[in-house]
Amino acid sequence: GAVVSQHPSWVICKSGTSVKIECRSLDFQATTMFWYRQFPKQSLMLMATSNEGSKATYEQGVEKDKFLINHASLTLSTLTVTSAHPEDSSFYICSASIGASDTQYFGPGTRLTVL
Amino acid sequence: GENVEQHPSTLSVQEGDSAVIKCTYSDSASNYFPWYKQELGKRPQLIIDIRSNVGEKKDQRIAVTLNKTAKHFSLHITETQPEDSAVYFCAAGESGTSYGKLTFGQGTILTVHP
């Protein structure tokens with residue numbers, strides 16, 4: 001149980017284009033979803049916290065107009081990287097928690113490469 | 001905000017030895033402390049967690065200890081095996097607020113030599 005999927009698993013795009021990443025909880029309803037970015041050999045950096053039906057809460061230093069988050073249902077959250085640049089290349093990972101539980105279940109991640 | 005420090009950054013042991021990874025946190029309100037294992041290019045996997053109402057928790061070869069007074073917690077792996085080789089992350093969070101937001105440590109690269 002508690003499976004989280006992400007799509008796509010990897011994407012290569014040209015600078016200036018937008019990329020959408022989907023995060024789905026497959027066998028549970030996720031009250032809260034989290035989006036992280038992980039650079040090579042570094043830790044997970046929280047970008048934003050997303051609750052179904054409400055606006056995402058962004059961490060300090062994360063541009064909300066560049067990283068658009070939508071949490072339209074209890075099983076789906078999307079992250080759109082707008083006007084991507086090479087410095088946005090990274091591993092983006094989502095996680096989801098169930099109800100009031102603290103436990104976060106992670107998706108497999110999406111490798112974004114911006115040329 | 002919360003700040004989590006993790007040591008060591010790399011740890012090399014022989015198969016069968018024990019491995020210990022330590023973390024400290026800054027926010028006394030934190031009361032949930034999970035540990036994740038991440039293999040290269042894969043998702044972080046929860047291996048054990050502890051809450052502030054207990055001081056120690058064990059699951060087979062893995063144990064976690066928590067000292068709330070000193071604000072530190074540790075992961076202990078006994079009888080290490082080559083498949084334990086991975087990056088381990090500790091994290092700290094405050095249950096019931098901030099929707100379960102976690103702050104992660106910098107990670108420890110564990111290598112178990114056969």
Side-chain angles (χ1 to χ4, degrees), chain A residues 1-6 9-10 23 25-26 30-62 69 71 77 90-111 113, chain B residues 1-10 21 23 25 27 29-54 57 59 64 66 86-111:
Chain A
V3 178
V4 177
S5 70
Q6 265 183 258
S9 55
W10 59 271
C23 176
S25 55
L26 299 184
T31 310
T32 306
M33 288 184 169
F34 304 85
W35 286 97
Y36 295 85
R37 181 166 50 183
Q38 186 177 34
F39 291 107
K41 298 185 179 181
Q42 293 190 25
S43 187
L44 293 94
M45 299 300 296
L46 180 65
M47 299 174 67
T49 303
S50 168
N51 291 283
E52 185 263 341
S54 61
K55 290 183 178 181
T57 302
Y58 290 81
E59 293 300 300
Q60 191 172 8
V62 178
I69 291 172
H71 194 158
S77 177
S90 188
F91 194 49
Y92 292 86
I93 312 177
C94 71
S95 70
S97 60
I98 305 171
S101 169
D102 300 323
T103 303
Q104 291 187 25
Y105 300 95
F106 283 84
T110 297
R111 175 77 57 192
T113 302
Chain B
E2 176 65 276
N3 182 50
V4 178
E5 296 287 333
Q6 183 173 345
H7 298 280
S9 56
T10 61
I21 302 171
C23 289
Y25 62 99
D27 190 347
S30 291
N31 54 15
Y32 175 60
F33 308 94
W35 286 87
Y36 286 88
K37 175 184 179 182
Q38 186 180 30
E39 297 178 3
L40 188 62
K42 302 287 183 65
R43 77 182 81 198
Q45 298 269 18
L46 178 69
I47 56 173
I48 196 167
D49 57 12
I50 191 168
R51 299 179 189 279
S52 60
N53 57 343
V54 297
K57 184 177 179 181
D59 182 5
V64 57
L66 171 65
V87 182
Y88 291 80
F89 292 99
C90 63
E94 185 180 348
S95 176
T97 67
S98 302
Y99 301 102
K101 171 180 162 180
L102 294 175
T103 301
F104 283 81
Q106 297 87 343
T108 297
I109 302 173
L110 173 64
T111 304

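Because the structure is a prediction, the values reported are computed rather than measured. Below, chain A is the first sequence line, B the second, and so on; all start at residue 1.
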Go through the atoms of A:Gln60 and report whether side chain, backbone, both or neither lie under 4.5 Å from a heavy atom of chain B. neither
From CA spacing to verdict: side-chain contact (heavy atoms from CB on, under 4.5 Å), B:Leu46, A:Phe106: CA-CA 9 Å; B:Leu46 178 69; A:Phe106 283 84; over 6 Å; no
Segment of A:Leu44 engaging chain B (4.5 angstrom heavy-atom cut-off): both
Of all heavy-atom pairs between A:Gln38 and B:Phe89, which one has the smallest distance, and what is that distance? NE2-CZ, 3.6 Å
With chain A as the partner chain, list the residues of residues 102-109 of chain B whose heavy atoms fall under 4.5 Å from it, by residue number, and write 'none' if nothing qualifies. B:Leu102, B:Phe104, B:Gly105, B:Gln106
Would you give the length of the straight line joining atom CD of B:Gln38 to atom OG of A:Ser43, rounded to the nearest 0.5 angstrom? 8.5 Å
Is there side-chain contact between B:Arg43 and A:Gln6, with at least one heavy-atom pair below 4.5 Å? no
Turns out that what part of B:Pro34 lies under 4.5 Å from chain A's heavy atoms comes down to neither
Just so I understand: if I count every heavy-atom pair under 4.5 Å between each of A:Gly107, A:Gly109, A:Pro40 and chain B, which residue has the most? A:Gly107
If one checks every heavy atom of B:Gln6 against chain A at 4.5 Å, the contacting part turns out to be neither
